[in-house]
Amino acid sequence: MTGPGPAAVPGAAAPSRAGSIYDLGYRRYEGPRLGRTYAIRSLVLDSFRSAYGLGRGGRAKVAPIALGAIAILPAVVIVGVLTIAARLGAQRQFEQATPISFDTYFNSISVIILLFCAAQAPELFSRDQRNGVLALYFARALRRSDYALARLVGFALALLVMLLVPQVILFIGRVLISTDIAAAFGEDATKIPAIVGEALITAGLLGGLAMAVSAFTPRRAYATAGIIALFVVPGIVAGIVIQLGSSAIGNWLVLLSQGTVLDGTNALLFGKSLPEDLFFFDLPVWTFLVAAVAGIVVSVAVVVRRFVRITT
Amino acid sequence: MSRGGSRGGLTIRREARRGGKASARPGHGTLGPVSLISIAGLTKRYGGITALDGLTVDIEPGIVGLVGSNGAGKSTLLKILLGLIGSTSGRATVFDLDVARDGIAIRERVGYMPEHDCLPPDMSATDVVSHLATMSGLPRTAARERTAEVLRHVGLYEERYRAIGGYSTGMKQRVKLAQALVHDPRLLLLDEPTNGLDPAGRDEMLLLIRRTGTEFGIAVIVASHLLGEIERVCDHLVAIEGGKLLRSAPLGSFTERTGTLSVEVEEGQAALAERLIGRGLTAIVDGAAVLIDLTDERPFDIVRDTVVDLGLPLIRIEQRRHRLEDLFRDDPAGSAPVTVSTPSHAEAPAVPPAAPPS
């Protein structure tokens, strides 16, 4: 069992020499040791890949790849229709008619993003706890908080890619189709800060909340249910309270509903008015931004605290 | 036999550094004269439970067995040495680095094999081990090369590309050992490495540990509650009980004690024990058996004669060697030490169903 020794080489003239060929024995590692920073970077990359099921079996890839494809689909369809409309000279009319553009894209795929969070965040934190692999990570050149933050950042990056790829398709498609490419680029480029900003806020808030929930259970199913509950219940409660006519309480309750908060930051960043169902909201619009940042900070703190204290 | 460091916090240094292999460390000259592990007054409390109670011991390179019954504090000690958990009070250093402050520097050069299951079933051994190697700071390509080497070393060949979920317990234990070795540590901490293995698997794992410690010059600490296994691979033993140091000594001094003679009778255990004590032996009743301390071969004759005298229905006589219980019965309250010293080289008892010494 301990490697083929000299005896395993029939007909070898000099057993000791054959042995040195077939059983090299243990060799020291004299190469570079890149330390903690490298370990953290590697763990971020591993988390990003794991969120999409890369490096795992085929079944682990089905959900994330399917959801990613669905998130891209509207952008592809719009670019396709825009191409046809441009040939027919009806581009302007179509752009006015289409319900999906840069500022509404995030909202239109929000359910997909939510499902991605619910399905894939437990793939990182819950899975590591269930497999007992935390002891192996914590015994390496990392701090516990490094592990927690690296996993969190990796997942947020996976969400960011999912949010930005469709926007990039939409952007490139629109620019290339137009007759005056430079002008079209100049016009759409003004939206880039808003697109990237909203994507960052969405990835941070949804990723943070989903990871915070999945940090507390080794059971995937519980984590998934918990994430969906956290994303859906506050919005419903806020809606009921508002329907009952208490908009003062409703004002504050909607700040606990991540969906509404992201609608608010989206409106703020793209310079639009609030969606119709938020007309009762009489606090300044930037409170949505404060609520989003607060949500991110709290999520990160909860996750780090959890893994600093967890027993392995 | 010097019984050093029992109860309390006496520091025992090994008399002589094991010459040769363990300390000859090409490329690791920095180890030099520093102590491998130094523990002083280490205490760890979990709520009301005291896992370590003022433990003081120095450990030098070699293959060291850390023995103690379940709950003696072995796992807690290993985790504190890794900087995975903090201590309540006291101090510990590894390579002269403080475990509380320099956890990362220590963990870069220490390999740890946990007791429990810790491998993702949906990944291959190659993927897991090379991923963990990068977590120790090895560049990606070096991590892959080292992974192939250590998996071959632990005896995993083609299987290493298959998902771990389909591995036997023995293969999983080997992967756990491989991940502890992949970053070429100077010290290996193994927590119950033979857990769940069948006898053949145990033999292979022990041989592997022995090779790792001797041929590769990596210091090894093996925590186990099975003294009989540990004595086959270690050259030094540290015994702890109730979070305190029981004894720290080279293996040889432990083997001076021949062991325990277990005499199983169907009835009359108390009468037998009483009669044996009357004849100068140390005997205690343990269920259906009477346990007698063995320092020479004299008790065999006495036991045979006494059983015949009493006319007891004898089931078996078995010589147990070096069980952990023997260590812990070092100072049995109220029982006198064995005083029989006459060399009487009698043969084994002439009782037909006597089992051979195990």
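Chain A is the first sequence line, chain B the second, and so forth, proteins listed ahead of strands; every chain is numbered from 1.
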Participant: Relative to chain B, which of A:Thr37, A:Asp128, A:Leu142, A:Asn131 shows the most heavy atom pairs under 4.5 Å?
Facilitator: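 Ranked by heavy-atom pairs under 4.5 Å with chain B, first place is A:Asn131.
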Participant: Please check: side-chain N/O of B:Asp191 versus main-chain N/O of B:Ala223, any donor-acceptor pairing under 3.5 Å?
Facilitator: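 No, B:Asp191 side chain to B:Ala223 backbone: no donor-acceptor pair under 3.5 Å.
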Participant: Name the region of B:His131, side chain, backbone, both or neither, that has any atom closer than 4.5 Å to a heavy atom of chain A.
Facilitator: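 Side chain of B:His131 only, per the 4.5 Å heavy-atom cut-off to chain A.
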Participant: Below 4.5 Å, heavy-atom pairs only: which of B:Arg140, B:His116, B:Arg146 has the largest tally toward chain A?
Facilitator: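 Among the listed options, the one with the most contacts to chain A is B:Arg146.
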Participant: May I ask you to decide whether B:Arg174 forms a salt bridge with B:Glu204, counting only side-chain N to carboxylate O separations under 4.0 Å?
Facilitator: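 Yes.
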Participant: Contact part of A:Ile310 toward chain B, heavy-atom cut-off under 4.5 Å: side chain, backbone, both or neither?
Facilitator: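 It is neither, since no heavy atom gets under 4.5 Å.
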Participant: Is the backbone of B:Leu119 close enough, under 3.5 Å, to the side chain of B:Lys176 for a donor and an acceptor to pair up by distance?
Facilitator: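 No, because the side chain of B:Lys176 does not come within donor-acceptor range (under 3.5 Å) of the backbone of B:Leu119.
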Participant: Donor-acceptor pair, B:Arg45 side chain versus B:Ala51 backbone, under 3.5 Å?
Facilitator: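 Between the backbone of B:Ala51 and the side chain of B:Arg45 there is no qualifying donor-acceptor contact (under 3.5 Å).
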Participant: Side chain, backbone, both or neither: which part of B:Asp117 has a non-hydrogen atom closer than 4.5 Å to chain A?
Facilitator: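 Only the backbone of B:Asp117 comes within 4.5 Å of chain A.
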Participant: If every non-hydrogen atom of A:Val304 is compared with every non-hydrogen atom of A:Ser145, which pair is closest and at what distance?
Facilitator: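 The answer is CG1-CB, 3.9 Å.
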Participant: Tell me which of these, B:Val182, B:Asp122, B:Leu82, has more heavy-atom pairs under 4.5 Å with chain A than the rest.
Facilitator: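 Option with the greatest count: B:Asp122.
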Participant: Under a 4.5 Å cutoff for heavy-atom pairs, which residue among A:Arg130, A:Arg41, A:Arg127, A:Arg143 has the most contacts with chain B?
Facilitator: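 Heavy-atom pairs under 4.5 Å are most numerous for A:Arg127.
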Participant: Within the side chain of A:Thr217, is there an N or O that forms a donor-acceptor pair under 3.5 Å with the backbone of A:Arg219?
Facilitator: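 The answer is yes, because a donor-acceptor pair under 3.5 Å joins these two groups.
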